[in-house]
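Residue numbers start from 1 in every chain, and the chains themselves are labelled A, B, ... in the order their sequence lines are given, proteins ahead of strands. The structure displayed is predicted, hence computed values, not measured ones.
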2 protein chains.
Amino acid sequence: MQAFQNYDSAFNALGDPTRRAIFEKLASRPLSVVHIAEGLAVSRPAVSQHLKVLREAKLISMVQQGTRSIYSVNSEGVHAMRDYLDRFWTESLENFKQIAEQTEKQKTKSYAANKKRSNR
Amino acid sequence: MQAFQNYDSAFNALGDPTRRAIFEKLASRPLSVVHIAEGLAVSRPAVSQHLKVLREAKLISMVQQGTRSIYSVNSEGVHAMRDYLDRFWTESLENFKQIAEQTEKQKTKSYAANKKRSNR
DNA sequence: ATTTATGGTAAGTTTAAACTTACCGTTAGT
DNA sequence: ACTAACGGTAAGTTTAAACTTACCATAAAT
């Protein structure tokens with residue numbers, strides 16, 4: 001379904017607070033590296049490293065403008081992640097019903113009765 | 001909008017390959033700890049630790065059935081993450097247009113003309 | 001031609017995450 | 001009561017991630 005690459009790298013990229021801050025900053029508008037680093041608590045090289053991670057995760061992209069590197073959110077990558085979660089969200093909703101059923105049965109029946117269901 | 005908690009912990013939780021494997025396994029059906037650990041390359045205590053992380057990230061939940069702990073995907077948490085990405089996806093789409101415009105202008109106008117836009 | 005702005009990368013340090021084995025408490029079956 | 005199954009936590013090790021400073025290359029402005 002997705003011509004995307006690695007979900008691990010994508011989720012991992014957004015798992016870091018500094019990178020999430022960068023990502024959210026870029027979501028409001030494309031920015032150069034110095035401007036991205038401006039509000040943040042870390043050094044400019046650290047930002048460069050984070051940008052590399054986000055870029056490899058296909059969550060942001062870059063265009064060169066002279067000496068400046070303008071970074072922006074890569075909507076394709078974000079969309080792919082969204083779709084991933086969407087898939088499991090649908091699945092988990094069904095499971096939610098199952099759990100509800102199990103919980104109901106727990107109230108009336110014994111543990112032994114539920115044993116079969118949870119085996120594997 | 002979201003009665004959710006920490007996005008960092010949620011994204012971080014799915015950033016680990018073992019945890020993603022656990023998450024996807026649980027998406028298909030609720031399982032006990034031993035059954036979750038069964039196919040995986042890591043030890044059972046390691047799985048317990050991962051489950052704790054996923055649980056604190058509100059991505060899975062647990063019900064006790066006698067001596068067994070049955071884990072399942074927490075659709076609420078997944079939904080919150082999906083919404084988060086959705087928000088930035090929408091924003092990034094607008095930025096995509098902006099970049100397209102800038103790229104267009106680059107073809108005809110000089111770098112100096114674009115400078116104002118990218119400053120801050 | 002020189003200087004200044006910009007940003008990528010290298011090298012090194014520190015902290016934390018992912019794993020292991022060992023241990024223990026609780027519940028279920030006999 | 002005793003034994004076995006289940007699973008959480010503690011302690012310790014190893015690897016990797018996040019940061020720093022230092023350095024260098026390129027493009028723009030004077």
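Distance, B/R20 CZ to C/dA18 C1': 17 Å, rounded to whole Å. One can place CD1 of A/I70 at 10 Å from C1' of C/dT6, the figure rounded to the nearest angstrom.
For B/R68, whose side chain is taken as the heavy atoms from C-beta onward, the closest listed nucleotide among C/dA18, C/dC19, D/dC6 is D/dC6. Listed candidates were C/dT6, D/dC19, D/dG7. Nearest to the side chain of B/V33 is D/dG7. For A/T67, the listed nucleotide lying nearest its side chain is D/dA28; candidates were D/dG8, D/dC6, D/dA28. The side chain of A/V34 lies closest to C/dT6, out of C/dT6, C/dC19, D/dG7. The side chain of A/Q49 approaches C/dA11 more closely than any other nucleotide in the set C/dG8, C/dA11, D/dG8.
Between B/K52 and A/R44, it is B/K52 whose nearest contact on DNA chain D lies nearer the 5' terminus.
Applying the 4.0 Å criterion to OP1 and OP2 of D/dC6, one finds that B/S32 has every side-chain N and O outside that range. Contact annotation: B/Y71 side-chain N/O to D/dG8 OP1/OP2 distance is under 4.0 Å. Listed pair A/R19 / D/dA17 fails the phosphate criterion, with no side-chain N or O lying under 4.0 Å from OP1 or OP2.
Ion pair A/E24/A/R20 flagged as a salt bridge, since at least one NZ, NE, NH1 or NH2 atom sits closer than 4.0 Å to an Asp/Glu carboxylate oxygen.
By the side chain to side chain donor-acceptor pair (under 3.5 Å) test, A/R82 pairs with B/D86, sequence neighbours left out.
Nucleic acid contact for B/S69: sugar-phosphate only, since backbone atoms but no base atoms lie under 4.0 Å from a heavy atom of the residue. B/S43 comes within contact range of at least one nucleobase, with a heavy-atom separation under 4.0 Å.
B/R55 has its side chain within reach of B/Y71: a pair of non-hydrogen atoms, C-beta onward, lies under 4.5 Å apart. The closest side-chain heavy-atom distance from A/M81 to A/L59 is below 4.5 Å.
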